[in-house]
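Below you'll find the structure, written out as structure tokens, and then a few comments.
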Amino acid sequence: MTWLFEMQEIYFSYPTGTVALEGLSLRIPSRKKVVFLGANGSGKTTLFLHLVGILRPQKGRIVFRGEPITYTRSFLRELRQKVGIVFQDPDAQLFAGTVFQEVSFGPMNLSLSEEEVQRRVKKALALLHIEQLQDRPIHFLSYGEKRRVAIADVLAMDAEVILFDEPNAYLDEQGKTSLLEIIEGLYRSGKEILLATHDVDFAYALADWVVVLEKGKVLREGPPEEVFAAIPFSGQSSWRRPLLFEIATVLREWGYLHGTLPRRVEEFLAALQKSE
Amino acid sequence: MLVDLLAYKSLWRFVHPGEKLVLCGVFLLWGFLPFPWIHFGLVLVIAFLLFWSGVSWRSFSKLLLTPLLFILPGVLVVLFSSQGNVTLSVQLALRSLLLWMSFLLVASTTPVPDMLGFLRNFRPLQIVTDVALLTYRYLFVLSARAERVYLAQQARLGYGSYRQGLQSLAFLIGGLFLYTFQVMEQFRFSLEARGCEGELAVLPPRFRPLCLLRIVLFLGIGMGGVFLVLLGGHR
């Protein structure tokens, strides 16, 4: 298996004394949708900031596609061209006058020609179906629209790896479904997807590989079925299994379902009909 | 904010800001020249231009309330101090109104980021326009946050009495300061992640090309006023 990122014994504490990563070691596989699950304060965002070289480990090292991150200006420039991050709060990311200008910010920093920047911006807006918003100011957008613009920001830089930090926060059900489709589409187009969330149902619907973080360390990692089956499920545990996983597992035990477990409701219903 | 909203919806939004600024300059110039009848005419012309650009009567009358707050007291002071010189007072009111409407014409047809994007072409102004753009953008983020906190405080009777109200307000302001620091740190991260090396470069706003003929026409009208004064036409 080829590794997208390798982290060896990473330690990081904030100046306030909060320990965010405590000897975290992890290898992230390539060509898998990797979901990081963790409660608030488990170190998900800190880890993502390390992966784009914004934060530097106080101890340990990070390797990107076989090459250790060196924190020189040129290396970081190249890294951030390849690895983009969509932040949790779009208001902390979007600053320009209009959507079109906002999405042009990243490509402009890559010193591309104005024509190329325009082409990339149009392409990113079209991919997310938000061309009609291009002349709108940011403060006139809904939360879901801001979220899409924040994704377009990263797409326009043509990043190969996209990190999504809690992208489903504050989204309604329709917004979540639409976000899932967008992420699946990006994955099919060849992008590497890493996503942080504490929503186990969302994680289960998307992930090919799950990493559970707790107190700045990896609690468990692997394919979703294995990870969720192994999670301790008791009153004291901070975790619960995805609802669909739980029901489908029971139905499979009772002989109503066969084969691999369904990830989405529609897959589940189709599997049930088939077993009838 | 009403002017902000009007600017984004204006039919003249994509007219080049250079043309609008020159036109505004010409109106301001005429405003400083001593021709009260022309001032009256120009007030009507600008009112017409405002409606043409998409400002409704309703919006215009709402906007008019603000300058009236400072024009009327000024006019009354002049009226009393000049022993009832109505002509002088009306002239003063017209001139003030003309100057204010000249600015309104630009403000209600050009969104702030578009104007800043245009001014960014002048390199020495870049740092000022970048800071102004961020201030403008985060004004909305901050006011939305303040509104949410205020509602949450109200829901818990935070403004029930004068003392409680004062305390809640202090918490609100203190909370906003903290929030500003948090957002700014995230914002810095997001700039770094997108390869920013100090400059907030984005594509310039998209306007129609500058119409030189109109600029020449506007400047001609302005110069006409100056010549009139030089030739003593105001006497």
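Quick note on labels: first sequence line is chain A, next is B, and so on, each numbered from 1. Values reported hereafter were calculated over all heavy atoms of this structure, with side chains retained and with hydrogens, waters and symmetry mates removed. In this text the structure is predicted, and so the values were computed from the model without any measurement.
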State, with a plain yes or no, whether a side-chain heavy atom of [X] is found less than 4.5 Å away from one of [Y].
X	Y	answer
Ile85(A)	Phe189(B)	no
Leu191(B)	Phe105(A)	yes
Arg137(B)	Pro137(A)	no

Between Phe140(B) and His139(A), how do the two ring planes meet: parallel, tilted or perpendicular, split at 30° and 60°?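 It falls in the parallel class, under 30°.
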Taking Arg194(B) first and then Glu102(A), would you say they form a salt bridge - that is, a charged N and a carboxylate O separated by under 4.0 Å?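 Salt bridge: yes.
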Does [X] [atom1] have over 12 foreign heavy atoms under 6.0 Å away?
X	atom1	value
Lys9(B)	NZ	no
Tyr170(A)	OH	no
Glu197(B)	CD	yes
Phe181(B)	CZ	no
Leu213(B)	CG	no
Ile127(B)	CD1	no
Gln134(A)	CD	yes
Phe103(B)	CZ	no

Provide the closest heavy-atom pair for Gly195(B) versus Arg77(A) in the form atom of the first, atom of the second, distance.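 That would be O-NH1, 4.5 Å.
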For Ala96(A) and Val202(B), which heavy atoms make the closest approach, and how far apart are they?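 Nearest pair, atom of Ala96(A) first, then Val202(B): CB-CG1, 4.2 Å.
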Taking the side chain from Gln186(B) and the backbone from Ala92(A), do they hold a donor-acceptor pair closer than 3.5 Å?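 Not a single qualifying donor-acceptor pair exists.
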Looking at Val154(A), Asp135(A), Leu94(A), Thr45(A), which makes the most heavy-atom pairs under 4.5 Å with chain B?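 Most heavy-atom pairs under 4.5 Å with chain B: Asp135(A).
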Count the heavy-atom pairs under 4.5 Å between each of Asp153(A), Val121(A), Leu55(A) and chain B, then report the option with the highest count.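 Going by pairs under 4.5 Å, I would pick Asp153(A).
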Would you mind checking which part of [X] comes under 4.5 Å of any heavy atom in chain A, side chain (CB onward), backbone (N, CA, C, O), both or neither?
X	result
Val183(B)	both
Gln182(B)	neither
Leu203(B)	both

I'd like to know which of Met184(B), Arg188(B), Arg13(B) tops the heavy-atom pair count under 4.5 Å against chain A.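 That would be Arg13(B).
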Which of the residues Ala193(B), Gly117(B), Ala144(B), Pro111(B) is involved in the greatest number of heavy-atom pairs with chain A at under 4.5 angstrom?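 With the most close heavy-atom pairs to chain A, the winner is Ala193(B).
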What about the rings of Phe140(A) and Tyr8(B), do their centers lie closer together than 6.0 Å?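 Between Phe140(A) and Tyr8(B), the centre distance is under 6.0 Å.
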Is Leu49(A) close to chain B through its backbone or its side chain, or both, or neither, when contacts mean heavy atoms under 4.5 Å?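 Contact with chain B involves the side chain of Leu49(A) alone.
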Check whether Gln88(A) gets within reach of chain B through its side chain, its backbone, both or neither, counting any heavy atom under 4.5 Å.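 Neither the backbone nor the side chain of Gln88(A) comes within 4.5 Å of chain B.
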Has Arg206(B) got its NZ or CZ under 6.0 Å from the middle of the six-membered ring of Phe100(A), at an angle within 45 degrees of the ring axis?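 Because its charged atom sits under 6.0 Å from the ring centre and within 45° of the axis, Arg206(B) does stack over Phe100(A).
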Out of curiosity, Ser190(B) OG to Asp89(A) CG, how far, rounded to the nearest 0.5 Å?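 Here the interatomic distance stands at 10.0 Å.
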Can you measure from CG (Leu200(B)) to CE (Met108(A)) and round to the nearest 0.5 angstrom?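 Leu200(B) atom CG to Met108(A) atom CE measures 11.5 Å (nearest 0.5 Å).
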